Protein chains: 2
Amino acid sequence: MLSKNEEDYLKVLFHLLTGEGGDRAGTNQLAQQLEVKPASANSMLKRLSEKKLVEYQKYSKPILTPLGRATALQLIRRHRLWETFLFQKLNFAWDEVHEVAEQLEHVQSEKLIEQLDRFLGYPKFDPHGDPIPDAQGNMAVREYELLANIAPGQRVRITGMKDSSTAFLQYLNDLGLALHSELLVLEHIPFDNSLRLALPDGLTAQVSEKFALHVFVLRLD
Amino acid sequence: MLSKNEEDYLKVLFHLLTGEGGDRAGTNQLAQQLEVKPASANSMLKRLSEKKLVEYQKYSKPILTPLGRATALQLIRRHRLWETFLFQKLNFAWDEVHEVAEQLEHVQSEKLIEQLDRFLGYPKFDPHGDPIPDAQGNMAVREYELLANIAPGQRVRITGMKDSSTAFLQYLNDLGLALHSELLVLEHIPFDNSLRLALPDGLTAQVSEKFALHVFVLRLD
DNA sequence: ATGCCGTGTTAGAGTTGTCTAACAAAAGAA
DNA sequence: TTCTTTTGTTAGACAACTCTAACACGGCAT
C-alpha cells in the first residue's frame, strides 16, 4: 500500500519520463514539479527504489520498474475517471476538475474505480482529451496534429490540450472553445506564426503560435 | 484546514458525545474507537483544544465547541452523501459503503459536496437510514421505534439500523431485509424476548432480542 | 587538464502522529 | 478514610515526511 505522497511522486515521475524530454527527469525536476526541495525528492527516490517501483542509484537518472509503471498508470486511470465524473455528472468546469481529482485519485478501492468506470460508460478520454487507461493499463492513442501545423482552409476538431494549466483553459473558455469544438483555420501569418481562426460562434479570433502549439486537433475533410 | 486524522478524531468524538451515553467520551473510549493507544488520543485532544474545536482540560471530559460540532456535522454530511452515492449509483452493497466513504469524506471541496448532493436529489437519509445533515448542519429526525418494542400483529417498515457493523448488516442481508423492507411481527416469546417475524419473501424467521434492539421501524397502520 | 557551476547528496533538525513505559489522579471498595 | 483499580497524563522514542545548510560529483569552458 503506497502513501499519498509516494503515489504523487510516482505519478509525476511517470509524466516526466513519458513526456517528450524523457531525460529531464532528475531530482531537481521532480522536486520542482512537486513543489518540494531537491533534498526531499532525493530521499523519496530512495524510498521508491526500496519498494521496487523505481530503479535508482545515486547521481544517475531514475527510471520506473514495470511495477512502478503499472502503478502509475492505475493512478492516471483513477485521476482521469474522476475528472470525467466531475465534468459530466457534477457540473464542474473543465478547468476545475484537476484539483479535486488530485485528491479523489488517492482513495483506495478497486471496486470503486471499476464501478465508476461502468457508471460513466467506459469513457476512452477525459474532459481534456487525454486517454483513460483501462484496468490493464492500456489506453487509446489519440489521433492528433498540432493546430500550429494546420494549413489555411482546413476545418478541424479539437481533440486535446497539451497544457492543462488553469490560465490556458480559462483562455480557451473565453474563446468559446472546448474539447470537440470545430473550427476553421483562415490564415497563417508568417511574421510571427500566429493564426486567424473561425470560431464555432461565427466570430473570428487571432491566436499566437504558442497557443497553437498547445492544442491538438483532428482534420475534418 | 484539518488533517485527515484531526477530522477522524473529531467525528468519533461527536458520535461519542451525541450517542445516548454521552458521558462515555473519555480518552480511553476515544482511543478504543480509533484503534490507537490512550496516549495518542490524549495528545490529539490537546491539539484539537488548541484549534478551538474541543474544550478540554486535563482529567476532565472533553466537549465540542460550536465550531467543533459544526465541523463534525459537515464530516457526517460528507460521509453519508458518499455512502448514498456508492449505494445508489455504483452498485455497492450497503455493508460495503462505509469503508470507502470513510476515505472519500476527507476530500476537501465545497463544490464537490454541494454538487454531489444535487446529483443525488438532496437525499434526507443514507442507505442505513441515518439522516444526512444539510449544508447548515440541520438534519431530519428519524421517526423510529425499536423493533423490540413492537406488539405482535403489527406491520412495520424498517427505517434504520442502530449498528452498522458488517456482521450485523450481513445478517440482515441474509434474512432478505434492507432499509424500507416491510415485515409483520408474528409472536413475542417471553422467555428470551425473541420475536417471530413474517419476512417480505413470505418466509418467517425468529430473531433474538439483541437483534430487535438494533433495528428501527415505523408502524404501518 | 583545471576550475567552475549546476545538479545531486548527506547530515541534522522540525512536524505530525504513533508507540511504550512510567507515573498521577479519580473513582470505587472495604 | 484508606486501599486498590481504573482512567488519564507525561516523557521519550520512532516513522514518514518536510526543510536548511553544507558538501560531493560531473559536465563544460578555458
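These figures come from a predicted structure and were not determined experimentally. All chains are named by letter (A, B, ...) in the order of the sequence lines, taking the proteins before the strands, and each is independently numbered beginning at 1.
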Between [X] ([atom1]) and [N] ([atom2]), how many Å, whole number?
| X | N | atom1 | atom2 | value |
| --- | --- | --- | --- | --- |
| A:H106 | D:dC17 | NE2 | P | 12 Å |
| A:L45 | D:dC17 | CG | C1' | 14 Å |
| B:N42 | D:dT6 | CG | C1' | 16 Å |
| A:L30 | D:dC17 | CG | C1' | 15 Å |
| A:Q32 | C:dG6 | CD | C1' | 14 Å |

Report task. Check each of A:E105, A:E83, A:E7 against A:R78 using the salt bridge (charged side-chain N to carboxylate O under 4.0 Å, His left out) test, and report the only one that passes. Result ->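 By the salt bridge (charged side-chain N to carboxylate O under 4.0 Å, His left out) criterion, A:R78 pairs with just one of A:E105, A:E83, A:E7: A:E7.
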Query raised in the report: Any chance the side chains of B:H106 and B:D8 put a donor and an acceptor closer than 3.5 Å?
Result: yes
Query - Donor on one side chain, acceptor on other, B:S194 and B:D192, under 3.5 Å - result: yes
Query raised in the report: Side chain of A:N28: nearest nucleotide among D:dT9, C:dT9, C:dT7?
Result: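 Closest nucleotide to the A:N28 side chain: C:dT7.
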For nucleotides 14-21 of chain C, give me every protein contact, N/O to N/O, under 3.5 Å, one pair per line with atom names.
from	atom 1	to	atom 2	distance (Å)
C:dG17	OP1	B:S3	OG	2.5
C:dG17	OP2	B:R47	NH1	2.0
C:dG17	O5'	B:R47	NH1	3.1
C:dG17	O3'	B:N5	ND2	3.0
C:dT18	OP2	B:Y9	OH	3.1
C:dC19	OP2	B:K37	N	3.0
C:dC19	OP2	B:S40	OG	2.5

**Report entry** side-chain N/O A:K61 vs C:dG8 OP1/OP2, d < 4.0 Å
**Finding:**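 Yes.
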**Report entry** Residue-phosphate contact under 4.0 Å: B:K46 side-chain N/O, D:dT10 OP1/OP2
**Finding:** yes
Query raised in the report: So does B:E114 pair up with B:R77, basic N to acidic O under 4.0 Å?
Result: yes
Query raised in the report: Does A:K111 pair with B:E99 as a salt bridge, N-O distance under 4.0 Å?
Result: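 Answer for the salt bridge query: no.
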**Report entry** Whether A:F168 and A:H214 hold their rings parallel, tilted or perpendicular, with breakpoints at 30° and 60°
**Finding:**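 If you compare the ring of A:F168 with that of A:H214, the planes turn out tilted.
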Query raised in the report: Which class fits the ring pair B:F85 and B:F119: parallel under 30°, tilted 30 to 60°, perpendicular over 60°?
Result: tilted
Requested in this report: Count the heavy atoms belonging to other residues, nucleotides or ligands that lie under 6.0 Å from NZ of B:K37, then report whether that count exceeds 12.
Outcome: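 Incorrect, the count does not exceed 12.
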Query raised in the report: Can any side-chain N or O of A:Q103 pair as donor or acceptor with the backbone N or O of B:Q108 at less than 3.5 Å?
Result: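 Present.
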What are the atom names and distances for every N/O pair under 3.5 Å that joins the protein to nucleotides 24-29 of chain C?
none

